[in-house]
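Structure, as structure tokens:
Side chains are part of it too, since the values below use all heavy atoms of this structure and drop only hydrogens, waters and symmetry mates.
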Amino acid sequence: TGVWPWGSGEVNAPPGFKIYLKDNGKPRELASWLDGASGEYLIKKWGTEAGQVIEGNLQGTLVDKNSVGKETGIETGTVTGLFRLILPEKSQ
């Protein structure tokens with residue numbers, strides 16, 4: 001448990017966060033590991049066995065991978081949310 005910053009520098013740097021979406025028809029790939037992104041997870045509950053719950057909050061700024069290196073500049077999006085995962089059996 002505790003506060004964990006998003007990984008940075010490498011593709012899918014753990015603990016990474018990525019969202020695919022369309023913004024008025026324009027594809028976006030918002031990622032947490034790109035330069036200019038920042039954020040954190042607040043892990044409130046942690047488990048390692050099947051049936052246990054992992055839950056917490058996340059917040060920060062993601063960078064649109066499709067805007068990196070273009071003349072228009074880097075485009076970003078902010079995200080705030082809650083998550084709750086129930087760990088499955090290892091065979092699932």
Side-chain angles (χ1 to χ4, degrees):
T1 59
V3 176
W4 299 89
W6 293 346
S8 63
E10 297 178 26
V11 174
N12 295 324
F17 186 81
K18 178 171 40 178
I19 300 174
Y20 294 100
L21 58 99
K22 286 195 177 181
D23 179 13
N24 290 323
K26 182 177 180 180
R28 304 259 187 210
E29 184 178 341
L30 299 165
S32 61
W33 55 84
L34 297 169
D35 286 343
S38 64
E40 64 189 23
Y41 295 96
L42 169 58
I43 308 296
K44 296 179 176 181
K45 197 174 207 180
W46 183 255
T48 57
E49 302 294 325
Q52 291 182 326
V53 174
I54 298 173
E55 65 183 20
N57 302 25
L58 58 93
Q59 66 177 5
T61 300
L62 302 170
V63 170
D64 182 7
K65 180 181 174 184
N66 299 325
S67 72
V68 174
K70 297 193 176 168
E71 293 177 14
T72 57
I74 294 175
E75 297 179 10
T76 62
T78 58
V79 63
T80 302
L82 309 170
F83 60 89
R84 185 171 192 267
L85 310 167
I86 299 172
L87 295 174
E89 294 291 333
K90 290 183 180 182
S91 62
Q92 296 180 342

Within a strict 4.5 Å, meaning less than it, do heavy atoms of the [X] and [Y] side chains meet?
{"X": "Phe83", "Y": "Ile43", "result": "yes"}
{"X": "Asn57", "Y": "Lys44", "result": "yes"}
{"X": "Glu49", "Y": "Leu87", "result": "no"}

Point-to-point distance, once rounded to the nearest 0.5 Å, from CD1 of Ile54 to OG1 of Thr48: 8.5 Å
Interatomic distance, CD@Gln52 vs CG@Leu85, rounded to 0.5 Å, equals 13.0 Å
With clusters defined by side-chain heavy atoms of hydrophobic residues (ILVMFWY) lying less than 4.5 Å apart, directly or transitively, does [Y] cluster with [X]?
{"X": "Trp4", "Y": "Leu58", "answer": "yes"}
{"X": "Val11", "Y": "Val63", "answer": "yes"}
{"X": "Ile74", "Y": "Val79", "answer": "no"}

Can you see which heavy atom on [X] is nearest to which on [Y], and at what distance?
{"X": "Asp23", "Y": "Arg28", "value": "OD2-NH2, 2.9 Å"}
{"X": "Thr61", "Y": "Trp6", "value": "O-CZ3, 3.5 Å"}
{"X": "Glu75", "Y": "Ser67", "value": "N-OG, 2.8 Å"}
{"X": "Ala50", "Y": "Pro88", "value": "CB-O, 3.6 Å"}
{"X": "Lys18", "Y": "Asn12", "value": "NZ-OD1, 3.8 Å"}

Test your reading of the model: is there a side-chain donor-acceptor pair from Asp64 to the backbone of Glu29, 3.5 Å cut-off? yes
Which pairs would a plain distance check flag for residues 30-41, meaning a side-chain donor or acceptor within less than 3.5 Å of a matching protein atom at least two apart in sequence or in another chain?
from: Ser32; atom 1: OG; to: Phe17; atom 2: N; distance (Å): 2.8
from: Ser32; atom 1: OG; to: Phe17; atom 2: O; distance (Å): 3.2
from: Tyr41; atom 1: OH; to: Gly16; atom 2: O; distance (Å): 2.9

By the rule that ILVMFWY residues connect when side-chain heavy atoms come within less than 4.5 angstrom, directly or transitively, which residues belong alongside Leu42? Val3
